[in-house]
K.L.:
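Dropping a structure here in structure tokens format, bear with me for questions.
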Amino acid sequence: MTDTTQRDQASATSELLARDAAHRSGLWRPEVAYVRGDGALLFDADGGEVIDCMAGIAVASVGHANPRLARALAEQAQRLIVCPQNLGNDTRTAFVDKLFSFVQPPLNRVFLVNSGSEANEAALKWARAATGRRRFVAAKRGFSGRTLGVLPMTWEPKYREPFGPYGMDVTFVRYNDADELRAVVDESVAALLLEPVQGEGGIHPADQEYLEAARETTENAGAMLIFDEIQCGVGRTGTFLASEAYGVTPDMATLAKGLAGGVPIGALLMTDSVAATMPKGGHGSTFGGNPLASAAGLAVLEEIEERRLMAHARAMGERLMDGLRRAGGERVREVRGRGLMVGMELKEKAAPVIAALRSAGVLTIAGGATVVRFLPPLVISQAQVDEVVRRVGDVLAS
Ligand SMILES: Cc1ncc(COP(=O)(O)O)c(C=O)c1O
């Protein structure tokens, strides 16, 4: 590439971001614009390349520009995009069949939506329908979404408090404290909502005893147990649902993010008996289960199966965590996670390290103030994992 071409592209980037600034919401001030992807790589408008360990926050499960996903979308777009869930559709049926080859009974039913928040909102409505109760229990450090329907269940006070008070009765409990669950979950509770591995809160896997206590206390109280698998589900931790590894089955589980590889989707999985409690007309979604998202979901599940991406996520996750533990040095407090859901907790603020990592060609994201989160596409290669570790080592040594 000539100097002139590089200069032209660099000015194209600043022009793009300046134009963007005129109309964006003001929530963010991007410093880079990505224009193309390939597997676990992202390319910015200047031709710069990063290894993507963010994947749109656990979304690009089968990698950027995945050929099977792209083909499925193009073919479906030329055939049929619109067909709501009150009508049948061949692609949706194929997707749902495939989904239930990954999800085991007693989770037999699904309601399809367009995002994680919507999936959680649907779960809360179903919990109310199933129990006739109004009180919910959620975990400290938990993240359930930003819409007003689920914001009361999101722990982070700076997200939640400015928009209250809410018409919902929510009690927050300490994560991984089984005794507190036993004290709080009683017959007034409609549902306990937990992430089997907390994501936004800084990558905290549940203890075995904790999820078992969650199942036992909700069963004894006649309350619903809802697992929010929006970030940790769809194979990221090495099993399709992260909760599978614990042998604990909820009454409902929510999925979104990686389920359609980047096309908006959400899913509420339920048992037969829970599904049957919603009155006719009690819930709905215009776009939920549309053929385009279903085609994408089917392509993602086929890709996960044929390329054995869950076993790959397990192996690459172990390699990444081992590597980060070796390369991290003095500035790292702990490396933890499950599969390709990895957190590197620092003894200092994460933001400057995340910025330095981006300059070194590794895109990551914070999980709380001191945790660097690694959520790469499940297709990341061994060589790319090793390169990520090498670059993290260099940045932390500098
Ligand atoms: C565990 C969890 N639940 C819910 C959500 C909300 O999903 P969405 O942003 O698709 O509404 C997120 C998003 O980060 C999440 O990580």
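Numbering of ligands and ligand atoms starts at 1, following listing order. Numbers here are sequence positions counted from 1. Keep in mind the model is a prediction, meaning the values are calculated, not measured.
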K.L.:
Between the side chain of Asp177 and the main-chain N/O of Asp179, is any donor-acceptor distance below 3.5 Å?
P.N.:
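Yes, Asp177 side chain to Asp179 backbone: donor-acceptor pair under 3.5 Å.
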K.L.:
Is it the side chain (CB and beyond), the backbone, both or neither of Asn120 that lies under 4.0 Å from ligand 1, heavy atoms counted?
P.N.:
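Just the side chain.
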K.L.:
Can you tell me which residue and heavy atom of the protein come closest to atom 3 (N) of ligand 1, and the distance to 0.1 Å?
P.N.:
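Protein heavy atom with the smallest distance to atom 3 (N) of ligand 1: Asp228 OD2, 2.7 Å.
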K.L.:
What protein heavy atom lies closest to atom 10 (O) of ligand 1? Include the residue and the distance to one decimal.
P.N.:
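Nearest neighbour among protein heavy atoms for atom 10 (O) of ligand 1, to 0.1 Å: Gly116 N, 2.8 Å.
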K.L.:
Can you tell me which residue and heavy atom of the protein come closest to atom 14 (O) of ligand 1, and the distance to 0.1 Å?
P.N.:
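Checking every protein heavy atom, the shortest distance to atom 14 (O) of ligand 1 gives Lys257 NZ, 3.0 Å.
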K.L.:
Where does Cys232 meet ligand 1, judged by heavy-atom distances below 4.0 Å: at the side chain, the backbone, both, or neither?
P.N.:
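Neither; nothing of Cys232 gets under 4.0 Å from ligand 1.
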K.L.:
Check this for me: does any side-chain nitrogen of one of Arg160 and Glu156 sit under 4.0 Å from a carboxylate oxygen of the other?
P.N.:
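Result for this pair is no, no salt bridge flagged.
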K.L.:
Any idea which protein heavy atom is nearest atom 16 (O) of ligand 1, and the distance to it?
P.N.:
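Sorting protein heavy atoms by distance from atom 16 (O) of ligand 1 puts Gln231 NE2, 2.8 Å first.
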K.L.:
According to salt bridge (charged side-chain N to carboxylate O under 4.0 Å, His left out), does anything in residues 266-284 pair up with another residue at least two apart or in another chain? List the pairs.
P.N.:
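Applying salt bridge (charged side-chain N to carboxylate O under 4.0 Å, His left out) to every pair that reaches into residues 266-284, excluding sequence neighbours, yields Arg109-Asp272.
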K.L.:
Looking only at protein heavy atoms, which one is nearest to atom 9 (O) of ligand 1, and how far off is it?
P.N.:
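Result: Ser117 OG, 4.5 Å.
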K.L.:
Count I, L, V, M, F, W, Y as connected when their side-chain heavy atoms are under 4.5 Å apart, and connections chain through other members. Are Leu363 and Val385 then in the same cluster?
P.N.:
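Different hydrophobic clusters.
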K.L.:
Look at ligand 1 and say whether Ala256 reaches it with a heavy atom at a distance under 4.0 Å.
P.N.:
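Distance cut 4.0 Å: Ala256 fails for ligand 1.
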K.L.:
Output the list of atoms in ligand 1 that are nearer than 4.0 Å to some heavy atom of Ser115, sorted by atom number.
P.N.:
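Every atom of ligand 1 under 4.0 Å from some heavy atom of Ser115: 10 (O), 11 (O).
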K.L.:
I want to know if ligand 1 touches Phe143 in the polar sense, i.e. an N/O pair below 3.5 angstrom.
P.N.:
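Yes - when backbone and side-chain N and O of Phe143 are compared with those of ligand 1, one distance drops under 3.5 Å.
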K.L.:
Who passes ring pair (Phe, Tyr, Trp, His ring centres under 6.0 Å) against Phe102, sequence neighbours left out?
P.N.:
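Residues passing ring pair (Phe, Tyr, Trp, His ring centres under 6.0 Å) with Phe102: Phe240.
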K.L.:
Applying a heavy-atom cut-off of 4.0 Å, say which part of Glu118 lies close to ligand 1: side chain, backbone, both or neither.
P.N.:
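Answer for Glu118: neither.
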K.L.:
Could you measure the distance from the OG1 atom of Thr147 to the CZ atom of Phe163? Nearest 0.5 Å is fine.
P.N.:
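The distance works out to 12.0 Å.
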K.L.:
Using ring centroids (six-membered ring only for Trp), state whether Tyr175 and His204 fall under 6.0 Å.
P.N.:
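Distance test on ring centres: not under 6.0 Å, no.
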K.L.:
Distance only, no hydrogens: is a donor on one side chain within 3.5 Å (strictly under) of an acceptor on the other, for Gln85 and Ser285?
P.N.:
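Absent: no donor and acceptor within the cut-off.
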K.L.:
Could you tell me, atom by atom, which parts of ligand 1 come under 4.0 Å of a heavy atom of Ile230?
P.N.:
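Numbered from 1, ligand 1 contributes 2 (C), 3 (N), 4 (C), 5 (C), 12 (C), 15 (C).
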K.L.:
Assess whether a salt bridge exists between Arg182 and Glu209, defined as any Lys/Arg side-chain N lying under 4.0 Å from an Asp/Glu carboxylate O.
P.N.:
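Counted as a salt bridge, because a side-chain N and a carboxylate O are separated by less than 4.0 Å.
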K.L.:
If the cut-off is 4.0 Å to any non-hydrogen atom of Glu195, which atoms of ligand 1 fall inside it?
P.N.:
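Answer, ordered by atom number: 1 (C).
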